[in-house]
Amino acid sequence: MTPAPETSLQDIVSHAKEYGFVFPSSEIYDGLQAVYDYGQNGVELKNNLKNMWWKAMTQLNDNVVGIDAAIFMHPLTWKASGHVDGFNDPMIDNKDSKKRYRADQLLEGKAEQYANNGEAEKAQALLNEMGRLLGANDLEGVRSLIIAEDIKCPVSNTLNWTEVRQFNLMFSTQIGSVAEDSTTVYLRPETAQGIFVNFLNVQKSGRMKIPFGIAQIGKAFRNEIVAKQFIFRMREFEQMEMQFFVRPGTEMNWYEQWRDTRLKFHQAIGLPVSKLKFHIHEKLAHYANAAVDIEYQFPFGFREMEGIHSRTNFDLTQHQEFSKKKQQYFDNDLDENGKPFGNYIPYVVETSVGADRLFLAVFCNAFTKETSGEADGRPSETLKERTYLKLHPALAPYKAAILPITKKDGLPEKAREVEKLLKTEFRVFYEEKDAIGKRYTRQDLIGTPFCIAIDHQTLEDNTVTIRHRDTTEQERVHISELKAKIAYEVSEQRILELI
RNA sequence: GCAAAAGUAGCUCAGCUGGUAGAGCGCGACCUUGCCAAGGUCGAGGUCGCGGGUUCGAACCCCGUCUUUUGCUCCA
């Protein structure tokens, strides 16, 4: 067997759609850009991944608990986090140079020119007018002002401007049925804030002692300017985040520890070391004092899959300020002088992985095309291509397929007995139509690790064959051994033990 | 957002200088079939992305529009 040439993203997208993993959203209406739906097999794989992550966080760590916060949050949350002000700029494009500018910066630049020419009053008037227009959200007015002030693009030196557009990261909607009484709320752009605002609730109700973590899986929404690369960047996506609260000064140790633990997780679910790497952030966000990405080698290159950030006490401090509620923790542990560490706002180490990106990584890695027959020098007609998903058995949508070799002589009845035996423990697939080879192939394409064939010998001695997906090899086992054998192969335990 | 290319059956595609649509695979039924996409018979499935225009007549020519892909830009 020889490995096929590098698979393209196109192959992945096609396979995902053809075999019920990922569909474009609203496809019958021509689709909705950057939104995708998970199909019948995709949802199983994604659920399995989320479940593995959840267990790796909460079950393996007695000081990590989970929550499920609402998507809607009080609007002040996003003031405190910086998402409202920091991520809300009026942008304008010059049609000739194709350059994009911040409209407010263009006007401020002009005002500065006036000031430098000794026309301070004119400068102030311009800034006031800009402030008024932006405050009233009058974007057309801002554009008119730019043209009236004869502000040209420094590259093309023309006034050929597009309209001013507000590039807001967040989606907004209204709470309250009557328009006048309604309040603008946002669909959360990250799940982390739901954890921060519940920090004290969890700490107190769970009697949690620092260090401890809060984990959450949930949808988040971002109004991305362009969306590309399939489910890698979507407007609606799912995050798996854990915020770990630590004593100030210890954050770097925890940061390093979680960074290594998270890498082990990705390896444990089957992603090869060679396709994973750390990418350390040189330029840090305003809230972080250390940050590293775990990148996976997608068909379009190494890209961020998970971020591990040391977020300092930025978020809790912000929430304390905006909510006027103390976010302190009293640390009873004793320092080197024998005194309690006392009150402080904890530091936070965040691990944040995109469920959809993890799905894509696992799917890309599992997607395997092999050709056989070439190496043994036979004529090219004997060349066979085989495509299968080399998913970790614990992640596969179906754990086993039950296939009577023919659909007569009582074999289907016998096979149904085997199905009944297994279906309460594993998700199994029963099929009796078509040739056995075709049925094997169908299971390969969706990543089912085991095919159990029922033949005439089964009727005599209660043995079946198990055919392994990756090797296509078969072994004969007694029906009574089936459950234990499959249970071992598909067990989550074998993954968790590696982390 | 800009530029280029492409949209025909579930998938991959063919369809000549304009004359009202085809193949392979897949799908469904039946027959045959003892292990890696098996053979046979029958069958379902397309207002050719959408909207206009030219023409006696448009999948094909023209205009617009939507979607996708690739490259640039953006990713605050």
Side-chain angles (χ1 to χ4, degrees), chain A residues 8-11 13-20 23-36 39 82-105 155-156 160-170 189 222-230 232-235 283 285-286 300 303-304 370 372-373 382-388 401 403-409 411 431-445 451-459 464-476:
Chain A
S8 68
L9 185 61
Q10 193 52 52
D11 295 332
V13 174
S14 302
H15 195 88
K17 185 183 165 202
E18 186 76 7
Y19 298 102
F23 306 126
S25 164
S26 318
E27 199 187 10
I28 62 169
Y29 293 108
D30 275 341
L32 185 62
Q33 219 176 39
V35 185
Y36 289 89
H83 284 87
V84 173
D85 300 323
F87 300 93
N88 197 352
D89 304 319
M91 307 296 283
I92 191 166
D93 295 304
N94 184 274
K95 290 178 186 169
D96 299 317
S97 65
K98 320 286 187 211
K99 292 290 173 192
R100 176 168 294 165
Y101 302 92
R102 277 179 54 175
D104 54 335
Q105 289 177 349
V155 177
S156 65
N160 194 6
W161 297 108
T162 63
E163 74 260 43
V164 177
R165 283 162 302 177
Q166 198 82 261
F167 280 111
N168 192 337
L169 164 88
M170 294 193 289
R222 286 186 199 175
N223 204 358
E224 305 280 1
I225 296 171
V226 283
K228 284 262 172 103
Q229 283 145 353
F230 196 36
F232 184 82
R233 178 172 286 182
M234 292 193 289
R235 295 212 158 96
K283 211 177 81 186
H286 57 285
F300 41 88
R303 293 296 146 81
E304 174 188 1
E370 282 173 351
S372 57
T382 66
L383 266 182
K384 286 218 166 128
E385 193 172 74
R386 188 168 85 98
T387 303
Y388 62 104
L403 314 170
I405 201 117
T406 68
K407 58 179 166 183
K408 52 182 191 184
D409 303 335
L411 294 182
E431 190 169 41
E432 61 187 39
K433 75 185 301 287
D434 289 326
I436 190 80
K438 190 176 272 191
R439 284 179 277 166
Y440 285 151
T441 301
R442 286 199 194 105
Q443 297 306 315
D444 284 344
L445 291 166
C451 288
I452 299 164
I454 282 77
D455 56 20
H456 290 93
Q457 193 183 331
T458 310
L459 300 178
V464 296
T465 60
I466 296 184
R467 179 257 193 191
H468 294 255
R469 175 196 64 201
D470 298 352
T471 60
T472 75
E473 280 165 10
Q474 297 183 43
E475 57 176 325
R476 190 139 204 119

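What you see is a predicted model; the values in this text were computed from it and never measured. Letters A, B, ... mirror the listed sequences (proteins, then strands); counts begin at 1.
The pair A:R439-A:D444 fails the salt-bridge criterion, with no side-chain N (NZ, NE, NH1 or NH2) lying under 4.0 Å from an Asp/Glu carboxylate O. We find that A:R476 and A:D455 are joined by a salt bridge, their nearest charged nitrogen and carboxylate oxygen being less than 4.0 Å apart. Between A:R442 and A:E431 there is a salt bridge, since at least one side-chain N of the basic residue sits less than 4.0 Å from a carboxylate O of the acidic one.
Map A:Q457 and A:K17 each onto its nearest nucleotide of RNA chain B; the residue landing nearer the 5' end is A:K17. In this structure, A:D455 and A:Y19 both approach RNA chain B, and ranking their closest nucleotides by distance from the 5' end singles out A:D455.
For an aromatic pair to be called close, the ring centres must be under 6.0 Å apart, and A:F230 with A:Y36 satisfies this.
Taking atom P in both B:C42 and B:C25, one finds a spacing of 15 Å when rounded to whole Å. Nucleotides B:G40 and B:U33 are separated by 16 Å at their P atoms, to the nearest Å. B:C27 and B:G18 have their P atoms separated by 39 Å, given to the nearest Å. Comparing the same atom, P, in B:G34 and in B:A9 gives a spacing of 38 Å after rounding to whole Å. Here the separation of B:U65 from B:A21, taken at their P atoms, is 30 Å to the nearest Å. Straight-line distance between the P atoms of B:A38 and B:C2: roughly 49 Å, to the nearest whole Å. Between the P atoms of B:U54 and B:U12, the separation comes to 35 Å (whole Å).
Residue contacts for A:L445: at a heavy-atom cut-off of 4.0 Å it reaches a base atom on one of the strands shown. Within 4.0 Å of A:R439, counting heavy atoms only, lies no atom of the nucleic acid at all.
For B:C36, the base has no donor-acceptor partner in the side chain of A:D444 [N/O atoms by modelled type, under 3.5 angstrom]. For a distance-only test at 3.5 Å, the side chain of A:R467 qualifies as a donor-acceptor partner of the base of B:C36.
Considering only side-chain N and O atoms, A:K438 lies nowhere under 4.0 angstrom from the phosphate OP1 or OP2 of B:C36. At the phosphate of B:C27, OP1 or OP2 sits under 4.0 Å from a side-chain N or O atom of A:R442. Residue A:K408 has no polar side-chain atom (N or O) positioned under 4.0 Å from OP1 or OP2 of B:U32.
A cation-pi geometry, defined here as NZ or CZ lying under 6.0 Å from the six-membered ring centre and within 45° of its normal, holds between A:R386 and A:Y388.
Here the side chain of A:T472 pairs no donor or acceptor atom with the backbone of A:H468 at under 3.5 angstrom.
As the counterpart of B:A9, no nucleotide is assigned, since no Watson-Crick or G-U wobble pattern has both distances under 3.5 Å. Figure legend. B:A3 is base-paired to B:U70; pairs are counted as Watson-Crick or G-U wobble with both atom distances under 3.5 Å. Under the Watson-Crick and G-U wobble criteria, each requiring two contacts below 3.5 Å, nucleotide B:U20 is left unpaired. Base pairing of B:G64 is made with B:C50, judged by Watson-Crick or G-U wobble geometry with both donor-acceptor distances under 3.5 Å.
If you take CD of A:E18 and C1' of B:G26, they are 8 Å apart, rounded to a whole angstrom.
Closest to the A:T441 side chain, of the nucleotides B:C75, B:A38, B:A37, is B:A37.
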